[in-house]
Amino acid sequence: MKKWLIPLGIIVLLGVMLVSGYNNLVTISEGVNGSWSQVQNQLQRRADLIPNLVETVKGYASQEKEVFTAVAEARAKLNGAKTVGDAAQADQALTGALGRLLAISESYPQLKSDANFRALQDELAGTENRIATARMDYNNTVQSYNTKIKTFPTSIYAGIIGFGQRDYFKPNANVNNVPAVKF
C-alpha cells in the first residue's frame with residue numbers, strides 16, 4: 001500500500017499545481033480583458049464628445065468641410081474597430097484629424113473665446129489623458145499576462161489549455177509624423 005502513496009501524492013500535487021496555474025491564467029486574462037474595456041470606454045467617451053466639438057467649430061468655420069469629413073471618417077473607423085491593431089490605427093487617424101480640427105480655432109479668434117468650445121476642448125484634453133492612461137494600463141496588464149504564459153512551468157501548458165499571447169496597443173508606424181495643418 002505504501003508503494004502507491006508516493007505516486008498518488010505526486011499526481012495530486014501536479015493536479016493542484018495545474019489547477020492553481022489555470023486559475024491564475026484566467027485571472028490575468030480577465031485583467032487584460034478588463035483593461036481593454038477601459039481603453040474602449042475612453043475611446044467611446046472621446047467619440048461621444050467629437051460631434052459636439054465638430055458642431056461648435058462648424059458654426060464658426062463652415063468652409064472647413066475637409067477637416068469635418070476626416071474627423072467623421074476616423075470616428076467611424078474607430079467605432080468599427082474589431083482588433084487591438086485596428087483600434088490603434090483608427091485612434092491614430094482620429095488623433096490627427098482632431099489635431100487639425102483644433103488647429104482651426106487659431107484662425108477663428110471668436111471661436112477660441114466661445115465658452116462651449118473651451119469647455120469641449122478641456123473635456124477632450126482630459127479624455128486624451130484618460131485614453132493614454134488606459135492604454136498604458138492595458139499594455140502593462142498584457143505584459144504581465146504575456147510574461148506569465150512564457151515563463152516556466154506555465155509555458156508548458158498555457159498553449160495547450162488555450163492561453164495564447166495577447167497584442168499590445170501600439171501606435172502605427174507614422175506616430176512620429178506630426179499631422180500637417182494647412183488652411
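Not measured: the values here are computed from a predicted model. Position 1 is the first residue of the sequence, and the numbers go up from there.
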Report task. Using a cut-off of 6.0 Å, state whether more than 12 heavy atoms not belonging to Ile6 lie near its atom CD1. Result ->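 For Ile6, atom CD1 is not crowded (no more than 12 foreign heavy atoms under 6.0 Å).
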Euclidean distance, [Y] [atom2] relative to [X] [atom1], rounded to 0.5 Å:
{"X": "Thr147", "Y": "Gln165", "atom1": "OG1", "atom2": "CD", "result": "9.5 Å"}
{"X": "Leu18", "Y": "Ile156", "atom1": "CG", "atom2": "CD1", "result": "10.5 Å"}
{"X": "Leu78", "Y": "Thr95", "atom1": "CG", "atom2": "OG1", "result": "8.5 Å"}
{"X": "Ile131", "Y": "Leu94", "atom1": "CD1", "atom2": "CG", "result": "8.0 Å"}
{"X": "Ile161", "Y": "Ile149", "atom1": "CD1", "atom2": "CD1", "result": "10.5 Å"}
{"X": "Leu49", "Y": "Thr127", "atom1": "CG", "atom2": "OG1", "result": "5.0 Å"}

Can you find a pair of side-chain heavy atoms, one from [X] and one from [Y], that are under 4.5 Å apart?
{"X": "Lys77", "Y": "Gln89", "result": "no"}
{"X": "Tyr22", "Y": "Phe163", "result": "yes"}
{"X": "Arg130", "Y": "Arg46", "result": "no"}
{"X": "Leu98", "Y": "Glu128", "result": "yes"}
{"X": "Val142", "Y": "Phe169", "result": "no"}
{"X": "Ile50", "Y": "Val71", "result": "yes"}

Heavy-atom closest pair, residues [X] and [Y]:
{"X": "Tyr138", "Y": "Ser35", "answer": "CA-CB, 3.5 Å"}
{"X": "Ala70", "Y": "Arg100", "answer": "CB-NH2, 3.7 Å"}
{"X": "Lys170", "Y": "Ala88", "answer": "O-CB, 2.8 Å"}
{"X": "Asn79", "Y": "Ala47", "answer": "OD1-CB, 3.9 Å"}
{"X": "Gly21", "Y": "Tyr157", "answer": "CA-OH, 3.2 Å"}

Query raised in the report: Any link between Met17 and Ile28 through a network of hydrophobic side chains (Ile, Leu, Val, Met, Phe, Trp, Tyr) touching at under 4.5 Å?
Result: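 Different clusters.
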Query raised in the report: Are Leu43 and Met136 connected in a single hydrophobic cluster, I mean Ile/Leu/Val/Met/Phe/Trp/Tyr linked by side-chain heavy atoms less than 4.5 Å apart?
Result: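 Each belongs to a different hydrophobic cluster.
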Do we see a donor-acceptor contact under 3.5 Å between the side chains of [X] and [Y]?
{"X": "Arg166", "Y": "Thr141", "answer": "no"}
{"X": "Asn139", "Y": "Gln143", "answer": "no"}
{"X": "Asn140", "Y": "Arg135", "answer": "no"}

Requested in this report: List the steps, then state whether side-chain contact (heavy atoms from CB on, under 4.5 Å) holds for Thr154 with Leu25.
Outcome: CA-CA 9 Å; Thr154 311; Leu25 286 174; 3.7 Å; yes
**Report entry** Residues which pass side chain to side chain contact (heavy atoms under 4.5 Å, CB included) with Thr133, listed by chain and number, not counting sequence neighbours
**Finding:**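 Applying side chain to side chain contact (heavy atoms under 4.5 Å, CB included) to Thr133 gives Asp137.
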